[in-house]
Amino acid sequence: MFDQDFQFDSDIVDLARRLVGTRLLVRGVGGTVIETEAYGRDDPASHSWRGQTARNAAMFGPPGSVYVYLSYGCHLCLNVVGRTGEAVLIRAIRPEVGVPLMMQRRSQSPAIASGPGRVGQALGIGSGDSGQRFGTADFRLDFGPTAPRLLTGPRIGISRATDRPWRFGLADTPGLSRPFPC
DNA sequence: CCAACGATTCGCT
DNA sequence: GCGAATCGTTGGC
(Lines give C-alpha, C1' and ligand atoms only; values in the text may rest on other atoms or scores of the structure.)
Protein backbone atom coordinates (compact mmCIF):
# COMPACT_ATOMS: atom_id res chain seq x y z
CA MET A 1 0.00 0.00 0.00
CA PHE A 2 1.29 3.42 -0.89
CA ASP A 3 0.64 7.08 -0.26
CA GLN A 4 -1.39 7.67 -3.40
CA ASP A 5 -4.01 5.25 -2.10
CA PHE A 6 -4.67 7.57 0.79
CA GLN A 7 -7.69 9.83 0.38
CA PHE A 8 -6.94 13.12 2.15
CA ASP A 9 -9.88 14.94 0.62
CA SER A 10 -12.52 13.36 2.83
CA ASP A 11 -14.55 14.11 5.93
CA ILE A 12 -12.08 15.09 8.65
CA VAL A 13 -13.51 12.69 11.25
CA ASP A 14 -13.33 9.87 8.72
CA LEU A 15 -9.74 10.85 7.95
CA ALA A 16 -8.87 10.83 11.66
CA ARG A 17 -10.30 7.32 11.98
CA ARG A 18 -8.49 6.07 8.89
CA LEU A 19 -5.15 7.46 9.99
CA VAL A 20 -5.18 5.17 13.03
CA GLY A 21 -3.27 2.06 12.00
CA THR A 22 -1.35 3.70 9.17
CA ARG A 23 2.45 3.78 9.18
CA LEU A 24 3.93 7.26 9.45
CA LEU A 25 7.54 7.90 8.47
CA VAL A 26 9.17 11.32 8.71
CA ARG A 27 12.52 11.33 6.97
CA GLY A 28 12.66 7.56 7.34
CA VAL A 29 11.80 7.46 11.03
CA GLY A 30 8.50 6.66 12.74
CA GLY A 31 5.95 3.88 13.22
CA THR A 32 2.25 3.07 13.33
CA VAL A 33 -0.20 5.84 14.21
CA ILE A 34 -2.14 4.73 17.30
CA GLU A 35 -3.97 7.92 18.33
CA THR A 36 -5.47 10.89 16.46
CA GLU A 37 -7.85 13.81 16.88
CA ALA A 38 -10.00 15.55 14.27
CA TYR A 39 -10.30 19.35 14.05
CA GLY A 40 -12.98 20.64 11.71
CA ARG A 41 -13.75 23.88 9.90
CA ASP A 42 -16.76 24.90 11.97
CA ASP A 43 -15.13 23.77 15.18
CA PRO A 44 -14.59 26.16 18.11
CA ALA A 45 -11.67 24.00 19.31
CA SER A 46 -9.81 24.22 16.00
CA HIS A 47 -7.01 26.66 15.23
CA SER A 48 -8.95 27.48 12.05
CA TRP A 49 -12.04 28.57 14.00
CA ARG A 50 -11.36 32.32 13.63
CA GLY A 51 -10.25 32.02 10.01
CA GLN A 52 -6.90 31.95 8.28
CA THR A 53 -3.90 33.58 9.96
CA ALA A 54 -0.14 33.41 9.46
CA ARG A 55 0.09 30.71 12.08
CA ASN A 56 -2.55 28.32 10.73
CA ALA A 57 -2.01 29.05 7.01
CA ALA A 58 -0.95 25.44 6.35
CA MET A 59 -4.40 24.27 7.50
CA PHE A 60 -5.80 26.09 4.48
CA GLY A 61 -3.34 24.47 2.08
CA PRO A 62 -4.07 21.47 -0.16
CA PRO A 63 -5.36 18.20 1.37
CA GLY A 64 -2.38 16.10 2.45
CA SER A 65 -0.37 19.10 3.63
CA VAL A 66 1.70 19.04 6.81
CA TYR A 67 0.59 21.45 9.54
CA VAL A 68 2.97 22.05 12.45
CA TYR A 69 2.22 24.35 15.36
CA LEU A 70 4.06 25.35 18.51
CA SER A 71 2.20 24.36 21.65
CA TYR A 72 2.80 26.01 25.01
CA GLY A 73 5.94 27.63 23.70
CA CYS A 74 7.89 24.38 23.68
CA HIS A 75 6.21 21.54 21.78
CA LEU A 76 5.95 21.14 18.01
CA CYS A 77 2.87 19.12 17.09
CA LEU A 78 2.24 17.33 13.78
CA ASN A 79 -1.04 17.43 11.84
CA VAL A 80 -2.35 15.97 8.58
CA VAL A 81 -4.39 18.55 6.68
CA GLY A 82 -7.66 17.38 5.14
CA ARG A 83 -10.18 19.64 3.46
CA THR A 84 -9.78 23.40 3.73
CA GLY A 85 -9.28 24.49 7.34
CA GLU A 86 -9.43 20.94 8.68
CA ALA A 87 -6.67 18.77 10.15
CA VAL A 88 -5.91 15.63 12.14
CA LEU A 89 -3.55 15.87 15.10
CA ILE A 90 -1.19 12.90 15.49
CA ARG A 91 -1.26 12.27 19.24
CA ALA A 92 0.74 9.03 19.49
CA ILE A 93 2.60 6.49 17.38
CA ARG A 94 4.06 3.06 18.08
CA PRO A 95 7.82 3.46 17.47
CA GLU A 96 9.00 0.96 14.88
CA VAL A 97 11.53 2.45 12.45
CA GLY A 98 14.59 4.30 13.68
CA VAL A 99 13.88 3.60 17.33
CA PRO A 100 17.42 4.38 18.58
CA LEU A 101 17.29 7.83 16.97
CA MET A 102 13.85 8.53 18.41
CA MET A 103 15.03 7.42 21.85
CA GLN A 104 18.02 9.72 21.56
CA ARG A 105 15.81 12.65 20.54
CA ARG A 106 13.61 11.88 23.55
CA SER A 107 16.57 11.71 25.93
CA GLN A 108 16.05 7.98 26.53
CA SER A 109 12.61 8.55 28.02
CA PRO A 110 10.47 5.39 27.97
CA ALA A 111 7.57 7.50 26.66
CA ILE A 112 8.98 7.85 23.17
CA ALA A 113 5.92 9.05 21.24
CA SER A 114 2.86 8.88 23.52
CA GLY A 115 1.57 12.46 23.24
CA PRO A 116 1.54 15.08 20.47
CA GLY A 117 4.60 16.96 21.74
CA ARG A 118 6.50 13.72 22.19
CA VAL A 119 5.58 12.63 18.65
CA GLY A 120 6.96 15.88 17.28
CA GLN A 121 10.18 15.55 19.21
CA ALA A 122 10.68 11.84 18.41
CA LEU A 123 10.12 12.46 14.69
CA GLY A 124 12.40 15.50 14.63
CA ILE A 125 9.64 17.82 13.45
CA GLY A 126 10.63 21.42 12.78
CA SER A 127 8.45 24.50 12.40
CA GLY A 128 9.67 24.74 8.82
CA ASP A 129 7.97 21.43 8.04
CA SER A 130 4.60 23.19 8.02
CA GLY A 131 3.28 23.40 4.46
CA GLN A 132 5.17 20.32 3.27
CA ARG A 133 3.18 17.44 1.77
CA PHE A 134 2.50 13.89 2.85
CA GLY A 135 3.34 11.42 0.11
CA THR A 136 6.79 12.91 -0.40
CA ALA A 137 10.08 11.25 0.49
CA ASP A 138 10.22 13.13 3.79
CA PHE A 139 6.62 12.53 4.88
CA ARG A 140 5.27 9.05 4.14
CA LEU A 141 1.89 7.60 5.15
CA ASP A 142 1.09 3.96 4.36
CA PHE A 143 -1.95 1.89 5.17
CA GLY A 144 -1.48 -0.90 7.69
CA PRO A 145 -2.31 -4.51 6.81
CA THR A 146 -5.31 -4.89 9.12
CA ALA A 147 -8.46 -2.92 9.86
CA PRO A 148 -7.91 -1.53 13.37
CA ARG A 149 -10.38 -1.78 16.23
CA LEU A 150 -10.99 1.82 17.24
CA LEU A 151 -11.50 3.48 20.57
CA THR A 152 -13.46 6.76 20.62
CA GLY A 153 -13.51 9.59 23.14
CA PRO A 154 -13.55 13.36 23.68
CA ARG A 155 -10.54 15.40 22.61
CA ILE A 156 -7.79 16.20 25.11
CA GLY A 157 -6.69 19.59 26.41
CA ILE A 158 -9.39 21.75 24.80
CA SER A 159 -11.87 24.07 26.48
CA ARG A 160 -14.47 24.41 23.72
CA ALA A 161 -16.57 21.83 21.87
CA THR A 162 -15.55 19.30 24.50
CA ASP A 163 -18.59 17.18 23.71
CA ARG A 164 -17.41 16.07 20.29
CA PRO A 165 -16.03 12.49 20.39
CA TRP A 166 -13.33 13.16 17.82
CA ARG A 167 -10.40 11.41 19.48
CA PHE A 168 -9.54 7.96 18.15
CA GLY A 169 -7.16 5.27 19.35
CA LEU A 170 -6.04 1.77 18.49
CA ALA A 171 -7.51 -0.72 20.97
CA ASP A 172 -5.31 -3.03 23.04
CA THR A 173 -2.26 -0.89 22.36
CA PRO A 174 0.26 0.41 24.90
CA GLY A 175 1.56 3.93 24.37
CA LEU A 176 -1.66 5.93 24.16
CA SER A 177 -1.26 9.44 25.53
CA ARG A 178 -4.11 8.86 27.99
CA PRO A 179 -6.69 6.13 28.65
CA PHE A 180 -9.96 6.20 26.75
CA PRO A 181 -13.27 6.32 28.66
CA CYS A 182 -15.14 3.03 28.92
C1' DC B 1 1.56 48.05 22.51
C1' DC B 2 0.85 44.58 25.90
C1' DA B 3 -1.52 41.06 28.56
C1' DA B 4 -3.45 36.54 28.29
C1' DC B 5 -3.62 32.16 26.47
C1' DG B 6 -2.82 27.62 24.98
C1' DA B 7 -4.66 20.82 20.47
C1' DT B 8 1.66 19.98 26.57
C1' DT B 9 5.26 17.96 29.22
C1' DC B 10 8.02 17.18 33.14
C1' DG B 11 9.38 17.15 37.80
C1' DC B 12 8.17 17.25 42.40
C1' DT B 13 4.92 16.51 46.45
C1' DG C 1 -2.12 15.05 41.48
C1' DC C 2 -0.39 19.79 40.80
C1' DG C 3 2.08 23.66 39.13
C1' DA C 4 5.95 25.70 36.60
C1' DA C 5 8.13 26.18 32.20
C1' DT C 6 8.04 28.74 27.88
C1' DC C 7 7.08 31.75 23.76
C1' DG C 8 4.59 32.73 19.48
C1' DT C 9 0.02 34.17 18.42
C1' DT C 10 -3.98 36.60 19.26
C1' DG C 11 -7.06 40.16 20.34
C1' DG C 12 -8.35 43.89 23.12
C1' DC C 13 -7.16 48.59 24.48
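All values derive from a computational prediction rather than experimental measurement. Within every chain, numbering begins at 1; the chains are lettered A, B, ... in the order of the sequence lines, protein sequences first and strands thereafter.
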Would you say [N] has OP1 or OP2 under 4.0 Å from some side-chain N or O of [X]?
X	N	answer
His47(A)	dA7(B)	yes
Arg178(A)	dT8(B)	no
Arg106(A)	dC10(B)	yes
Arg91(A)	dA7(B)	no
Ser109(A)	dC10(B)	no

Can you confirm whether [X] is buried at [atom1], in the sense that more than 12 heavy atoms of other residues, nucleotides or ligands lie under 6.0 Å from that atom?
X	atom1	answer
Arg178(A)	CZ	no
Arg41(A)	CZ	yes
Gln52(A)	CD	yes

#### Entry: Upstream residue (5' side of DNA chain B) when Glu37(A) and Ala111(A) are each assigned their closest nucleotide
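Looking at DNA chain B, the more 5' nearest nucleotide goes with Glu37(A).
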What is the separation between atom [atom1] on [X] and atom [atom2] on [N], rounded to the nearest whole Å?
X	N	atom1	atom2	result
Arg118(A)	dA7(B)	CZ	P	18 Å
Leu76(A)	dT6(C)	CG	P	15 Å
His75(A)	dG6(B)	NE2	C1'	11 Å
Asn79(A)	dA7(B)	CG	C1'	8 Å
Glu35(A)	dT8(B)	CD	P	10 Å
Arg155(A)	dT8(B)	CZ	C1'	17 Å
Tyr72(A)	dA5(C)	OH	P	16 Å
Leu70(A)	dT8(B)	CG	C1'	10 Å

### Query
Given Watson-Crick or G-U pairs with both distances under 3.5 Å, what dot-bracket string fits DNA chain C, with | for other-strand pairs and [ ] for crossing?
|||||.||||||.
Looking only at the side chain of [X] (C-beta and beyond, no hydrogens), which of the listed nucleotides [options] gets closest?
X	options	value
Arg50(A)	dA7(B), dT8(B), dG11(C)	dG11(C)
Tyr67(A)	dT8(B), dA7(B), dT10(C)	dA7(B)
Pro116(A)	dT10(C), dT8(B), dG6(B)	dT8(B)

### Query
Distance from Ile156(A) atom CD1 to Thr162(A) atom OG1, nearest 0.5 Å?
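So the gap between those two atoms works out to 11.0 Å.
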### Task
Taking atom P in both dC2(B) and dT6(C), compute the distance separating them and give it to the nearest angstrom.
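Approximately 23 Å lies between the P atom of dC2(B) and that of dT6(C).
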### Message
Looking at the base of dA7(B), is there any donor atom on it, or on the side chain of Tyr69(A), that sits under 3.5 Å from an acceptor on the other one?
### Response
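Indeed there is one.
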Would you confirm whether [X], through its side chain, and [Y], through its main-chain N or O, come within 3.5 Å as a donor-acceptor pair?
X	Y	result
Gln121(A)	Arg105(A)	yes
Ser114(A)	Ala111(A)	no
Asn56(A)	His47(A)	yes

### Query
Would you call Glu37(A) and Arg155(A) a salt bridge, using N to O less than 4.0 angstrom?
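No salt bridge links Glu37(A) with Arg155(A).
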### Query
With a 4.0 Å cut-off on heavy atoms, is Ser177(A) in touch with a base, just the backbone sugar-phosphate, or nothing at all?
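No contact.
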### Task
Determine the contact category for Leu89(A): base if any of its heavy atoms lies under 4.0 Å from a base atom, sugar-phosphate if only primed atoms, P, OP1 or OP2 are that close, otherwise nothing.
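Here Leu89(A) touches the bases of the nucleic acid.
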